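For reference, the structure discussed in these notes is given below.
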Amino acid sequence: MKRFFISTLACLMAVCASAQMMRAEELEKYAVEKYGDKWTEAAENLGTEVSLDKNNSLTYVQVIECGEQTKEQLYVALNYWFTATFNDADAVIQLNDKESGVIIGKGFISGIASHTGGMNSYVISIHPIIRVDIKDGKIRVTYTVQNYDVNKYVGGGIMGAIGGTQATKSVEMWAIEKCFPFQKKDEYKAKKSSSKALVMTHAYSNVIMDKIEEAAKNGLVGNENNDW
């Protein structure tokens with residue numbers, strides 16, 4: 001019985017590890033490997049490749065061919081992945097419609113960029129919306145970030161630190177179209193941080209697409225099939 005419990009626990013841990021999203025530190029390492037650590041230059045280059053949608057959101061769409069798998073088979077595999085991945089207060093499933101073949105989750109990754117100014121400091125996070133539309137033999141993944149979620153620490157900047165000021169926290173939403181590189185003169189006066197936020201957001205879209213493709217084609221742990 002004890003051996004069965006340990007085996008079951010190990011299996012559950014493997015599932016959670018497989019589904020787990022990247023932390024900001026891991027994502028930054030991935031982003032640096034792909035785009036380098038010169039955030040402003042990387043963001044400027046990305047600005048020539050990506051554009052905002054009609055709602056001024058950053059949106060990526062990818063259609064993934066899934067061979068001969070049926071809509072139902074794909075739904076089961078992806079529902080499994082979404083359930084394991086979006087399972088806390090910050091990352092939740094917003095819609096799960098088996099009949100229509102649509103699953104929508106709201107993710108969260110904290111601290112993708114930060115900025116320390118003279119008076120204030122900022123920590124930037126994102127809540128990407130991930131939608132999967134499912135048909136026989138293929139899926140369409142839509143990844144959208146509507147804005148940057150920013151914790152602003154008033155008095156938490158360089159001058160505040162020198163003067164021993166007690167910082168107070170407020171929450172802001174920075175419109176992506178007002179940030180560099182979509183607006184050359186960054187409205188929030190945080191060009192480097194806006195640049196890093198874009199590169200990290202773009203890198204995370206790659207991670208999400210890869211994870212969903214893997215789950216659709218091979219399942220969450222690689223043994224979800226009818227041959228048992």
Side-chain angles (χ1 to χ4, degrees), residues 7-27 29-31 34 50 52-55 57-110 112 125-147 149 176 199-228:
S7 176
T8 302
L9 180 61
C11 182
L12 288 172
M13 290 174 67
V15 168
C16 291
S18 177
Q20 187 177 21
M21 295 295 202
M22 276 186 168
R23 297 190 304 272
E25 297 84 358
E26 297 169 320
L27 180 62
K29 182 179 179 181
Y30 172 83
K34 286 187 70 70
V50 301
L52 302 180
D53 65 19
K54 64 180 182 180
N55 298 312
S57 299
L58 193 61
T59 297
Y60 301 85
V61 181
Q62 182 176 340
V63 175
I64 300 170
E65 299 293 335
C66 300
E68 297 181 359
Q69 292 191 76
T70 65
K71 176 181 176 181
E72 183 173 358
Q73 288 172 323
L74 289 168
Y75 172 82
V76 169
L78 291 168
N79 181 55
Y80 191 16
W81 182 82
F82 269 88
T83 301
T85 303
F86 298 89
N87 58 5
D88 60 39
D90 290 315
V92 299
I93 295 175
Q94 296 185 314
L95 176 67
N96 192 333
D97 189 330
K98 182 177 182 179
E99 184 176 347
S100 298
V102 179
I103 306 176
I104 301 175
K106 183 179 182 180
F108 177 67
I109 184 161
S110 175
I112 61 169
S125 304
I126 53 172
H127 276 96
I129 305 298
I130 297 100
R131 170 175 175 147
V132 179
D133 294 279
I134 306 166
K135 292 183 177 181
D136 288 338
K138 62 182 177 180
I139 62 173
R140 181 178 64 193
V141 185
T142 305
Y143 167 102
T144 301
V145 174
Q146 298 171 324
N147 50 257
D149 300 290
I176 296 177
V199 177
M200 294 279 277
T201 300
H202 182 80
Y204 198 50
S205 74
N206 295 335
V207 172
I208 288 294
M209 297 293 185
D210 288 347
K211 285 182 176 289
I212 290 178
E213 181 173 6
E214 174 65 21
K217 292 182 176 179
N218 300 310
L220 187 60
V221 295
N223 63 357
E224 298 89 345
N225 57 56
N226 291 322
D227 185 17
W228 57 278

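All figures in this text were calculated on a predicted structure; none of them were measured in a lab.
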Are [X] and [Y] side-chain neighbours, meaning at least one heavy-atom pair lies under 4.5 Å?
| X | Y | result |
| --- | --- | --- |
| Ile64 | Lys217 | yes |
| Tyr80 | Tyr75 | no |
| Ile139 | Cys66 | yes |
| Ile104 | Asn96 | no |
| Asn79 | Ile103 | yes |
| Tyr30 | Asn206 | yes |
| Phe82 | Thr85 | no |
| Glu213 | Gln62 | yes |

side-chain contact (heavy atoms from CB on, under 4.5 Å) between Ile212 and Val132, intermediate numbers included: CA-CA 9 Å; Ile212 290 178; Val132 179; 4.0 Å; yes
Would you name the heavy atoms of [X] and [Y] that are closest together and state the gap between them?
| X | Y | value |
| --- | --- | --- |
| Asn147 | Ile176 | CA-CG1, 3.9 Å |
| Ala91 | Asp88 | N-OD1, 2.8 Å |
| Thr201 | Tyr143 | O-OH, 2.9 Å |
| Ser110 | Ala24 | O-CB, 3.2 Å |
| Phe86 | Gly105 | CE2-C, 4.0 Å |

Check ion pair Lys29-Glu25 (N to O, under 4.0 angstrom):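 No.
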Pairing of Arg131 and Asp133 as salt bridge, 4.0 angstrom limit: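 Salt bridge: yes.
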Is there a donor-acceptor pair under 3.5 Å between the side chain of [X] and the backbone N or O of [Y]?
| X | Y | value |
| --- | --- | --- |
| Gln69 | Ala216 | yes |
| Ser100 | Asp97 | no |
| Glu26 | Arg23 | yes |

Qualifying residues under side chain to side chain contact (heavy atoms under 4.5 Å, CB included), relative to Thr59, sequence neighbours excluded: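 So Thr59 forms a side chain to side chain contact (heavy atoms under 4.5 Å, CB included) with Asp53, Ser57, Val61, Thr142, Thr144.
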Contacts of type side chain to side chain contact (heavy atoms under 4.5 Å, CB included), residue Val92, not counting sequence neighbours: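 In terms of side chain to side chain contact (heavy atoms under 4.5 Å, CB included), with neighbours along the sequence ignored, Val92 is linked to Gln94, Lys106.
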Within 6.0 Å of NZ in Lys138, more than 12 heavy atoms from elsewhere: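 Incorrect, the count does not exceed 12.
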Gap separating the NE2 atom of His127 from the CD1 atom of Ile109, nearest 0.5 angstrom: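 One gets 11.0 Å once the value is rounded to the nearest 0.5 Å.
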Residues His202, Val50; criterion side-chain contact (heavy atoms from CB on, under 4.5 Å); working and verdict: CA-CA 9 Å; His202 182 80; Val50 301; 4.0 Å; yes
